[in-house]
Amino acid sequence: MEPGTIDNLSILYQSSDFLVVNKHWDLRIDSKMWHETLTLQSQLKHRFPELADPDTYYGFRFCHQLDFSTSGALCVALNKAAAGSAYRCFKERLVTKAYLALVRGHISQSRRMIRYAIGKSTAEGTTHMMCIDGTEGCENPKPCQSELIVLEHGSYSGDPVTKVLLQPLTGRTHQLRVHCSAIGHPIVGDFTYSRGQDGSPYRMMLHAYYLRIPAGTELIEVCAPDPFVTAMDGRWVPQRVVRRLDETLQELK
C-alpha cells in the first residue's frame, strides 16, 4: 500500500448510507491543526464533495477510529440515521473486527487470549500513552481482552517476526498495541510502545483487515487487502505457515 495522497483514496464498500475506506498508514482521520492538510477527511471531501455534510464538524460521520499509524478498513456513515444504526451496533458489541500485524520475535503459542487491564499512563514522558494495570502511574485501568492467532513465522529486515491475526474483544485506546507489547512481542515499527526504539521500519505494521457491521437492514462486511505480503514489502520474508489466513477468517466469522 502506497503512502496516502489527496487523490488515492481506496473504497472497499459503498452504499447510499455507508462508505468503507482502506485508510492509509500515517494518516489522521481528521485534524484541527491548520498545517495538517492531508487527512482522511480531506481525501473524502476531494473524492466525494457532494457527500460532505455541513451539519457535522468534519463533514463526515466516522463510525469508529483508527490510530494515525494504523491502516485498513474504516466505516463512514453518510447520514444521521445510518450513523445511529452503526453506533448501536458498536454499543451492543455486534461489530466484528480483526487486524493483521507483524510483531517482534517468534511466538511459540499458536493461539492465546490476552487479558491485561489497560489504563491511561500518567508517568513522566508518557503523554498520550496507555499502560497495563500494575505499572507505575497507570490510571483507571479497565478490563480488556484481545485474541491473538499466529499465522506465520518469518523475518523482517533479517530480524525474527511473527505475522498474527488480532481480534479486540473490548475497545480501549491502543489496546492491541499495548497488549502485544505487554506479552513481549511489540508490533514492528511501533515507535511509541517500543519507547522510541523501533523507528527504522517505514510504518507501524498494524492493519484493520476485517470489518463486519450488521447495520439494520444492511450488512457491511469487508476485507482490506493484506499489506504484509512479500510482493508488497520484500523486507518481510515468511518462513513457516502456522495457520492459513482464509481458514482463520472463516473460523472467526
Side-chain angles (χ1 to χ4, degrees), residues 1-91 95-101 120 127-130 168 171-177 187 189-192 202-213 215-216 218-227:
M1 190 178 187
E2 72 284 355
T5 64
I6 193 66
D7 57 3
N8 70 348
L9 179 67
S10 173
I11 306 300
L12 302 171
Y13 175 92
Q14 184 174 0
S15 71
S16 58
D17 288 331
F18 294 99
L19 283 172
V20 180
V21 303
N22 188 7
K23 186 185 92 66
H24 290 87
W25 44 272
D26 285 5
L27 185 76
R28 296 195 196 285
I29 293 174
D30 47 48
S31 178
K32 297 175 183 176
M33 306 297 290
W34 65 268
H35 57 84
E36 276 192 297
T37 56
L38 181 63
T39 61
L40 178 55
Q41 169 209 8
S42 65
Q43 286 182 319
L44 285 164
K45 282 187 173 179
H46 178 80
R47 178 80 170 268
F48 302 107
E50 75 283 2
L51 298 181
D53 187 341
D55 293 334
T56 64
Y57 188 84
Y58 288 111
F60 293 90
R61 295 177 171 88
F62 299 105
C63 299
H64 54 116
Q65 298 288 312
L66 288 178
D67 290 347
F68 167 76
S69 304
T70 305
S71 59
L74 190 144
C75 185
V76 183
L78 299 179
N79 55 68
K80 193 172 183 179
S85 177
Y87 171 77
R88 285 189 294 274
C89 289
F90 279 94
K91 185 178 180 181
V95 175
T96 304
K97 294 189 286 185
Y99 293 70
L100 291 171
K120 183 173 177 57
T127 307
H128 306 306
M129 286 181 67
M130 307 298 282
R172 279 297 255 174
T173 300
H174 297 178
Q175 177 176 317
L176 297 177
R177 299 167 64 184
I187 294 170
D190 190 343
F191 187 79
T192 300
Y202 70 97
R203 62 160 292 180
M204 182 178 72
M205 306 298 173
L206 180 62
H207 177 72
Y209 174 65
Y210 175 73
L211 178 65
R212 184 182 190 275
I213 307 175
E218 185 172 350
L219 174 63
I220 301 164
E221 187 173 29
V222 296
C223 284
D226 177 5

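Position 1 is the first residue of the sequence, and the numbers go up from there.
Looking only at atom types and distance, the side chain of Glu221 has a donor-acceptor partner in the side chain of Tyr210 under 3.5 Å away. In this model, a donor atom of one side chain and an acceptor atom of the other lie less than 3.5 Å apart for Ser71 and His207.
The stretch residues 22-31 participates, sequence neighbours left out, in these salt bridge (Lys or Arg N to Asp or Glu O under 4.0 Å) pairs: Arg28-Glu36.
A distance below 6.0 Å separates the ring centres of Trp25 and Tyr202.
Checked by atom type and distance alone, the side chain of Asn8 pairs as donor or acceptor with a backbone atom of Thr5 at under 3.5 Å. Within the 3.5 Å criterion, the main-chain N or O of Val20 finds no donor-acceptor partner in the side chain of Gln14. Proximity of a side-chain donor or acceptor of His64 to a complementary backbone N or O of Cys75 within less than 3.5 Å is detected.
Considering Val222, Leu40, Leu12 as possible partners of Val21, the one that fulfils the side chain to side chain contact (heavy atoms under 4.5 Å, CB included) test is Leu40.
A pairwise comparison of heavy atoms in Cys63 and Phe18 identifies SG-CE2, 4.3 Å as the closest pair. The two residues Lys45 and Gly59 make their nearest non-hydrogen contact at CE-CA, 4.3 Å. Closest non-hydrogen pair, Leu19 versus Leu44, comes out as CD1-CD2, 3.9 Å. The nearest pair of heavy atoms linking Glu2 to His24 is O-CD2, 3.0 Å. Of all heavy-atom pairs between Ala224 and Ala208, the closest is CB-O, 3.6 Å. Closest heavy-atom contact between Ser15 and Glu218: OG-OE2, 2.6 Å.
For Arg61, the salt bridge (Lys or Arg N to Asp or Glu O under 4.0 Å) test picks out Asp53, with sequence neighbours left out.
Salt bridge annotation for Asp67-Arg177: present, with a cationic side-chain nitrogen under 4.0 angstrom from a carboxylate oxygen.
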